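Within every chain, numbering begins at 1; the chains are lettered A, B, ... in the order of the sequence lines, protein sequences first and strands thereafter. Since this is a predicted model, take the numbers as computed values, not measurements.
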Amino acid sequence: MIPELPLTTRHSPLATSFGRKLTPPATAPYSTKFTPMTREIPKAYEPQEIEHKWAQAWYQQQLFRADPQTPGEMFSIVIPPPNVTGSLHIGHMLDHTEIDILTRWHRMRGHNALFLPGTDHASISTQRVVVRQLAAQGIDYRALGREEFEKRVWHWKEESGGEITRQMVAIGDSCDWTRERFTMDPGLSNAVMEVFVRLYEEGLIYRGRYIVNWCPSCLTAISDLETIHQERDGKLWYFRYPVIGTTEHLVIATTRPETMLGDTAVAVHPDDERYRHLVGKKVLLPLMNREIPVIADSFVDREFGTGAVKITPAHDPNDFEAGKRHNLPEIDVMSEDGHMSAAAGAYAGLDRFAARKRVVEDLTKLGLVERVEPHRHAVGTCDRCKTDVEPRLSKQWFVKMKPLAAPAIRVVEDGEILITPENRRTEYLNWMNNIRDWCISRQLWWGLQIPAWHCRDCGGITVARTTPAKCQACGSAHIERDPDVLDTWFSAALWPFSTMGWPEETADLKRYYPTTLLITGYDILFFWVARMIVMGLKFTGKVPFRTVYLHSLVLNAEGVKMSKSKGTGIDPIELNKRFGTDAMRFTLASMAAPGTDIILSDDRLLGSRAFANKIWNAARFLFVNLEKAEASGVTLEELAGPEIRAAAPYRRGAQLELADRWIFSRLAHSVAEVNAALKEYRFHEAAHVVYHFFWGEFCDWYIEWVKPRLTSGSREELLAAWRNLFAVFESALRLLHPLMPFLTEELWHRLPQRAGAKSIALQRFPEIPATLLDPAAEKEMALLQEIIAAARNARADLKLDAKRKVAGDFFAAGDETRTLVQSHLDPILRLASLSTLHILPPGAGRLDPSQGAVRASTGFELRIPFGEAVDLKTEVAKLSKERDRLARDIESKTRRLAEESFRSKAPAEIVKGLETTLQERRAEHHQISERLAQLEKALQLRR
RNA sequence: GGGCGAUUAGCUCAGUUGGUUAGAGCGUUCCCCUCACACGGGAGAGGUCCAAGGUUCGAGUCCUUGAUCGCCCACCA
């Protein structure tokens with residue numbers, strides 16, 4: 001069953017975002033009968049209405065539902081689940097655009113394609129959002145109690161998750177909505193418990209008291225990855241600790257004075273001559289008046305500071321280790337919220353930074369501050385709230401990563417998983433090879449609670465899939481569930497298989513797992529990708545995906561990563577309104593060159609919108625002219641046949657006209673290029689190819705070329721013209737569909753269609769037979785285009801009225817060229833705005849440039865005669881420039897060819913090619929020089 | 001402290017394995033509101049490919065060094 005989209009939340013989906021609600025359409029938006037095409041088509045493409053109509057239709061009809069029973073090649077991809085912290089931002093749009101392009105492409109190529117949607121509970125982030133909301137209402141979340149708080153978050157989740165779903169529908173994600181998942185769904189949470197228990201039973205999950213990264217603002221432990229190191233200008237304080245029983249002082253250096261209150265030793269290097277006599281003695285810890293030992297430990301760096309370091313086992317990971325080695329007491333002088341604890345004596349209750357200041361002041365008064373130096377160092381901050389992280393001693397749950405990492409390294413090294421781009425693969429391997437244990441417990445309320453129960457009687461831990469009745473160790477019923485929840489990435493790590501029903505052996509799991517591909521941003525390579533590989537291998541014995549494509553990030557105009565909290569994000573809804581989803585998708589795709597980040601600009605979006613409009617108007621042209629063809633007896637049925645979809649050229653007799661041969665050949669090339677580009681995730685290239693084909697070739701040349709054929713001629717001629725035009729256009733729509741799904745769907749339905757034509761998305765991607773590749777046609781067409789361009793160029797330089805048709809002269813020594821021009825005189829005249837083109841006989845010789853502007857290229861010369869008022873000087877300047885350019889080129893080529901080393905070492909074809917080119921250049925140069933001479937003579941005569 | 005990426009037209013960026021005159025979009029200049037489209041058509045201008053060395057017959061492309069910008073990783077107090 002497809003879920004109804006909840007429409008009742010006050011956050012109200014499309015009502016606030018995309019302008020309207022999703023309601024079932026009264027009738028299907030496509031015709032169920034043979035479609036008489038809509039003749040009335042607005043002049044400009046207005047995406048809003050159309051996108052909404054199709055988004056809704058696709059969703060309602062479950063158009064992209066995947067069936068494991070369907071045979072054929074499989075393509076499966078799971079979405080990187082967005083956090084339910086609000087709505088999708090522009091960064092997500094890139095994920096979705098790339099995934100959807102590839103999914104649609106595979107589906108159209110006949111593959112059994114699954115795009116599995118879903119969302120992530122995002123433990124810490126979501127909790128923060130709701131806590132802040134409550135605070136805004138004057139509610140302290142702790143006062144609500146855990147249960148009530150969880151209820152509030154679930155409520156928020158329904159809103160946010162619903163909004164995200166609606167956005168995904170609205171931007172045309174071709175997901176299977178029946179398979180939508182959430183990381184806290186019963187099935188997924190079940191998988192999480194299963195994994196936790198198994199890892200615990202194998203000893204790969206353990207609980208222990210260690211120094212962890214603690215956020216005093218979020219009030220939870222966070223992992224190493226969530227700790228962002230920030231370079232900062234700080235200070236290095238030198239403190240004097242009096243050595244007991246002497247008049248000496250031992251000087252230590254520290255960046256964190258406040259932690260000295262918890263010092264339990266001072267360490268020096270065992271080989272350090274300066275301090276050897278002090279080892280074993282005691283120093284008096286100032287302010288606290290505690291006697292602490294001087295110990296020797298080789299972890300001390302003799303070069304740093306004074307070579308003597310204070311040891312605070314409860315507040316520094318190194319000191320913690322040292323403390324363990326030397327059996328030192330651990331004195332925690334801080335509370336969880338970053339204030340000094342009772343153990344800090346007189347400083348209790350002070351904020352840690354206030355305490356720092358006070359400690360320095362007090363020591364200064366005592367004359368125990370030796371000196372202070374500026375010191376640049378890295379400070380850990382919380383990924384979520386940017387608060388300085390406090391290394392804190394606490395009991396947490398960890399995953400032992402080393403044994404799990406080994407296979408995850410192997411599969412990437414072996415190429416069983418392909419990580420692309422290549423440099424990310426290296427990054428992955430480096431990280432995996434230096435992996436450390438993963439702190440997975442979080443002191444939060446929103447999330448998946450750890451399935452462990454503590455015994456109040458014996459202190460034993462019972463880990464179980466379902467709530468146990470008694471303690472596993474002593475049988476006591478006095479057990480309590482561990483209050484902590486799991487790091488949100490723990491459940492995310494299982495996503496590719498938990499979403500498919502694991503640990504059950506479901507049909508989905510068999511058919512769609514391992515997934516084909518993972519597409520996500522490189523910023524979560526370690527957070528997510530690496531851990532999915534680890535967990536996938538551990539629990540399914542298979543890789544979770546065959547290929548990982550890591551795309552760039554979308555940055556704002558300042559080149560900073562988009563962030564909603566910082567207010568630096570671009571609102572995708574705004575973009576959709578202004579440009580349309582298709583334009584946004586196309587823009588993202590066209591900028592998504594692997595390896596470089598994307599800075600989105602209005603200019604590019606405007607360009608894409610213009611492209612959509614261009615296609616719209618090409619279609620409009622077809623539709624408004626079709627009546628004329630129908631009047632001559634061409635029927636819509638004839639334009640809706642399978643030949644259209646097969647892009648089979650319609651030949652009158654055995655002949656296909658040059659323009660048709662050319663456009664089919666170009667189409668075949670374009671399809672091949674798009675396929676090749678998408679295969680290697682070169683979205684920008686695919687976008688460019690389609691853009692150029694549609695606009696630069698189909699619109700600019702083909703349509704213009706065949707225009708007269710569409711409205712006059714015999715029924716047979718009209719049919720040929722229209723069939724070919726439709727075949728190319730229809731194929732081009734399919735070619736474009738993965739990039740611009742809405743526009744193409746709309747136009748496709750406006751084409752004559754057979755009954756029940758549901759969606760272009762379910763049609764085949766164009767497969768153009770290689771026999772349509774026509775190098776001869778491309779060459780001839782290129783020559784004709786060049787001739788037309790030469791005429792236009794000459795016209796423009798003569799500053800002729802663009803509307804005025806003028807006569808031209810044409811000379812070509814080659815018979816073939818003359819024949820070609822003669823047989824395509826009509827389009828040439830039309831496209832170059834010429835009244836006539838006088839083709840001179842081969843014996844006529846060069847065109848006299850004093851009579852007009854001559855433009856020449858390899859094999860031909862074309863002249864537009866000077867009118868009454870002509871600026872010969874401009875013409876001379878133009879030709880001189882061209883002559884100089886040629887001269888430079890000739891010189892460099894001549895020099896190159898004269899080099900013996902080049903001739904002997906370069907491949908023969910390169911040498912030969914260069915020689916040929918050189919000859920051509922010389923000929924051109926000669927012509928231009930001649931022309932210049934004549935022109936200058938003419939100029940003198942005028943004077 | 002390690003590692004990585006970037007530097008190409010006014011702007012934003014492409015440029016596949018080294019090969020003949022380095023491309024696109026936007027902007028800009030000139031001409032056109034021609035019966036699909038001014039979100040348009042036509043024609044131009046605009047680049048010592050960050051710098052210096054090196055390899056090569058040949059370098060935007062490969063190597064070395066440097067400069068500038070950015071990113072990732074990292075328990076030296």
Remember a base hit wins even if backbone is also touched, and classify [X] as base, sugar-phosphate or nothing at under 4.0 Å, heavy atoms.
{"X": "A:Glu685", "answer": "nothing"}
{"X": "A:Lys310", "answer": "nothing"}
{"X": "A:Phe526", "answer": "sugar-phosphate"}
{"X": "A:Arg792", "answer": "sugar-phosphate"}
{"X": "A:Lys912", "answer": "nothing"}
{"X": "A:Gly305", "answer": "nothing"}
{"X": "A:Ala610", "answer": "base"}
{"X": "A:Pro907", "answer": "base"}
{"X": "A:Leu606", "answer": "nothing"}
{"X": "A:Arg885", "answer": "base"}
{"X": "A:Asn423", "answer": "sugar-phosphate"}
{"X": "A:Asp700", "answer": "sugar-phosphate"}
{"X": "A:Thr917", "answer": "base"}
{"X": "A:Asn613", "answer": "base"}

- Task: Report yes if at least one side-chain N or O of A:Lys799 is closer than 4.0 Å to OP1 or OP2 of B:A43; otherwise report no.
- Result: no

- Task: Would you tell me whether A:Tyr241 and A:Asp263 have side-chain atoms, one donor and one acceptor, within less than 3.5 Å of each other?
- Result: yes

- Grab the CD1-P distance between A:Ile599 and B:U7 for me, whole Å please. 13 Å

- Could one point to a donor on the side chain of A:Lys614 or the base of B:C37 with an acceptor on the other under 3.5 Å away? yes

- Item | Presence of donor-acceptor pair under 3.5 Å, side chain of A:Asp603 and base of B:C26 | no

- Counting N and O atoms only, with roles assigned by atom type, does the side chain of A:Asp319 sit under 3.5 Å from a partner on the main chain of A:Thr312, one being a donor and the other an acceptor? yes

- Message: Check whether A:Phe621 forms a cation-pi arrangement with A:Lys707 (NZ or CZ under 6.0 Å from the six-membered ring centre, at most 45° off the ring normal).
- Response: yes

- Query: Is the charged tip of A:Arg896 near the ring of A:Phe902: under 6.0 Å from the six-membered ring centre and within 45° of its axis?
  - Reply: yes

Sticking with atom [atom1], work out how far [N] lies from [M], rounded to a whole angstrom.
{"N": "B:C31", "M": "B:U20", "atom1": "P", "result": "37 Å"}
{"N": "B:A38", "M": "B:G70", "atom1": "C1'", "result": "40 Å"}
{"N": "B:C49", "M": "B:G2", "atom1": "P", "result": "32 Å"}

What's the closest nucleotide to the [X] side chain, out of [options]?
{"X": "A:Lys905", "options": "B:A43, B:A77, B:C57", "result": "B:C57"}
{"X": "A:Phe621", "options": "B:A77, B:C26, B:A36", "result": "B:A36"}
{"X": "A:Lys893", "options": "B:C26, B:A74, B:U20", "result": "B:U20"}
{"X": "A:Arg436", "options": "B:C33, B:A74, B:A36", "result": "B:A74"}
{"X": "A:Lys43", "options": "B:A77, B:A43, B:A38", "result": "B:A38"}
{"X": "A:Trp695", "options": "B:A36, B:A74, B:G41", "result": "B:G41"}

- Task: May I ask you to check whether A:Tyr428 and A:Phe526 place their ring centres under 6.0 Å from each other?
- Result: no

- Note on the structure: Closest non-hydrogen contact found for A:Val251 with A:Tyr238 is CG1-CB, 3.9 Å

